[in-house]
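Every heavy atom of this structure was used, including side-chain atoms; hydrogens, water molecules and symmetry mates were not.
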Amino acid sequence: MRGVCAISLDTDKTFISSGILKGRFLNFLGETEIPASYEGGEVGSYLRQNLDVIDQRIKDSESVNSFKAEKIFLELPWHLVSKKEVEEIIPLRRAKRLTCGDISYAKRYLEDKFLGWDDFCIHNLVLNYELDGVNYVSPPLGAWAKRIKLRSYLLWVKDKIHKDTEDIFGNSDRNFSGFVASPISLFSSVFGKKEKLQVVVSLDFERSHFVVIGKNSFTFSKEFKFGLKNIIEAIAQRFMLDFSLAEEVFYRYISFKEIPYFKEVTLKNEQGYMNLSTQTLNSFVKDCIKGEIEIILKAIKEKVPDEDLSLIHI
């Protein structure tokens, strides 16, 4: 069966997701992780160091699920992707009915005008089309026009990053099919129709982000310097544990659901052994993140009026 894989980099782990293509639809198979952290710097250097183990995990998934990963996508960390909203009137060669080719030409026109010679566009998200003062959310195919006005959100990386990544995957006989910017993968993993303003929040290892999307606008936040690492450090400080033990406690015993029963865990800290209830641990973590989440929600509300907000996922 035909399949695809997506690689996502974070500062604590690397995640590999796989799915099977059935026509135009993708059936998600699952996600695996490897203890390879991306600490910043060149993506090419990271891939060269870790491609063997990444490739082996993909092969393992192919074997277990009986598929072939024909396409490999790489989700880029937020700081590597540049972005801006642009608007321009694009003249056509003559008055004609608009085709898909005309829309592609108009999008390329925007990229050529607003991006540098060493930039590689990974997403060109058209927010609005305009013909003779009439606005369209979808491409106005078949309409007569001599010019068309586009408002787009461009996301791009340096061309060197793209070329290096293509070469690395090419040498491993894997078909690199393109980059995905984190805001796009974050939002598309949760939402479909954009009838109202909607928000999705991502809590990563070292930072948090939120994405707001509506009918005609995108808002990508600046990152918040708060993530799972801060929570683990708070556990370590509160209960006098080293970071590695606090991290194990977090992944084993912390849940954001109600704990239905009383359970104690025995931990060894700087002063000896101590017994803690899972309720105590979870209550501490919830209190720890409450203030940070309130800061994030406040930033969201500053961009989105309460009456327009349809949904928040955290």
Shortest non-hydrogen contact from [X] to [Y]?
{"X": "Lys83", "Y": "Val81", "result": "NZ-O, 3.7 Å"}
{"X": "Pro140", "Y": "Leu131", "result": "CG-CD1, 3.7 Å"}
{"X": "Ala246", "Y": "Ile235", "result": "CB-CG2, 4.1 Å"}
{"X": "Ser61", "Y": "Phe67", "result": "O-CE2, 3.4 Å"}
{"X": "His123", "Y": "Ala181", "result": "NE2-N, 3.0 Å"}
{"X": "Arg174", "Y": "Glu62", "result": "NH1-OE2, 3.0 Å"}

Without swapping roles, check the side chain of [X] against the backbone of [Y] for a donor-acceptor pair under 3.5 Å.
{"X": "Arg147", "Y": "Pro91", "value": "no"}
{"X": "Thr99", "Y": "Gly101", "value": "yes"}
{"X": "Asn282", "Y": "Gln279", "value": "no"}

Is the shortest side-chain heavy-atom distance between [X] and [Y] below 4.5 Å?
{"X": "Glu33", "Y": "Thr14", "result": "no"}
{"X": "Thr278", "Y": "Ile254", "result": "no"}
{"X": "Asn230", "Y": "Ile289", "result": "no"}

* Asked: Under the side-chain hydrogen bond (donor to acceptor under 3.5 Å, both in side chains) criterion, do Glu70 and Asn175 qualify, and how do the steps go?
  -> CA-CA 6 Å; Glu70 295 184 352; Asn175 181 23; over 6 Å; no
Rounded distance [0.5 Å steps], [atom1] in [X] versus [atom2] in [Y]:
{"X": "Trp156", "Y": "Cys121", "atom1": "CH2", "atom2": "SG", "value": "8.5 Å"}
{"X": "Asp159", "Y": "Leu115", "atom1": "CG", "atom2": "CG", "value": "11.0 Å"}
{"X": "Leu154", "Y": "Lys107", "atom1": "CG", "atom2": "NZ", "value": "9.5 Å"}
{"X": "Ile16", "Y": "Ile7", "atom1": "CD1", "atom2": "CD1", "value": "5.5 Å"}
{"X": "Lys68", "Y": "Ile20", "atom1": "NZ", "atom2": "CD1", "value": "14.0 Å"}
{"X": "Asn171", "Y": "Leu47", "atom1": "CG", "atom2": "CG", "value": "12.0 Å"}

State yes or no: do [X] and [Y] share one hydrophobic cluster built from I, L, V, M, F, W and Y residues joined by side-chain heavy-atom distances below 4.5 Å, directly or via other members?
{"X": "Val180", "Y": "Phe28", "result": "no"}
{"X": "Leu281", "Y": "Phe243", "result": "yes"}
{"X": "Tyr136", "Y": "Ile90", "result": "yes"}
{"X": "Val64", "Y": "Val53", "result": "no"}
{"X": "Phe15", "Y": "Leu29", "result": "no"}

In chain order, what residues pass the salt bridge (Lys or Arg N to Asp or Glu O under 4.0 Å) check against [X], with sequence neighbours excluded?
{"X": "Lys160", "answer": "Asp164"}
{"X": "Lys59", "answer": "Asp55"}
{"X": "Glu88", "answer": "Lys113"}

State whether the number of non-hydrogen atoms from other residues, nucleotides or ligands found under 6.0 Å of [X] atom [atom1] is greater than 12.
{"X": "Asp242", "atom1": "CG", "value": "yes"}
{"X": "Gln237", "atom1": "CD", "value": "no"}
{"X": "Lys225", "atom1": "NZ", "value": "no"}
{"X": "Lys146", "atom1": "NZ", "value": "no"}

* Asked: What ring-ring contact (aromatic ring centres under 6.0 Å, His included) pairs are there with at least one residue in residues 83-118, not counting sequence neighbours?
  -> none
* To do: Scan residues 45-65 for pairs that pass ring-ring contact (aromatic ring centres under 6.0 Å, His included), counting only residues two or more places apart or in two chains.
  => Tyr38-Tyr46
* Intermediate values then yes/no, side-chain contact (heavy atoms from CB on, under 4.5 Å), Ile89 and Leu150 -> CA-CA 6 Å; Ile89 298 175; Leu150 261 61; over 6 Å; no
* Parallel, tilted or perpendicular, as decided by the 30° and 60° cut-offs, for the rings of Phe179 and His162 ->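 Perpendicular.
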* Would you please test Tyr129 and Ile148 for side-chain contact (heavy atoms from CB on, under 4.5 Å) and show each step? => CA-CA 7 Å; Tyr129 304 85; Ile148 181 172; 4.0 Å; yes
* side-chain contact (heavy atoms from CB on, under 4.5 Å) assessment of Leu76 paired with Val157 -> CA-CA 9 Å; Leu76 286 173; Val157 296; 3.4 Å; yes
* Could you check Phe239 against Phe284 for ring-ring contact (aromatic ring centres under 6.0 Å, His included), going step by step and ending with a plain yes or no? => CA-CA 10 Å; Phe239 300 106; Phe284 172 76; 5.5 Å; yes
* Of Glu31, Lys13, Glu75, which meets side-chain contact (heavy atoms from CB on, under 4.5 Å) against Ser8? ->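 Among Glu31, Lys13, Glu75, the one that satisfies the side-chain contact (heavy atoms from CB on, under 4.5 Å) with Ser8 is Glu75.
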* Candidate list Leu127, Leu110, Val126, test side-chain contact (heavy atoms from CB on, under 4.5 Å), partner Arg151, passing option -> Leu127
* Would you call Asp167 and Lys163 a salt bridge, taking side-chain N to carboxylate O under 4.0 Å as the test? ->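 Lys163 and Asp167: not salt-bridged.
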* Just do the side-chain contact (heavy atoms from CB on, under 4.5 Å) check on Leu141 and Ile103 with the steps written out, would you? => CA-CA 8 Å; Leu141 300 177; Ile103 300 300; 4.0 Å; yes
* Asked: Side chains of Ser63 and Asp60: do they bring a donor and an acceptor to under 3.5 Å?
  -> no
* Would you please name every residue forming a ring-ring contact (aromatic ring centres under 6.0 Å, His included) with Phe169, sequence neighbours left out? =>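 Listed in chain order: Phe176.
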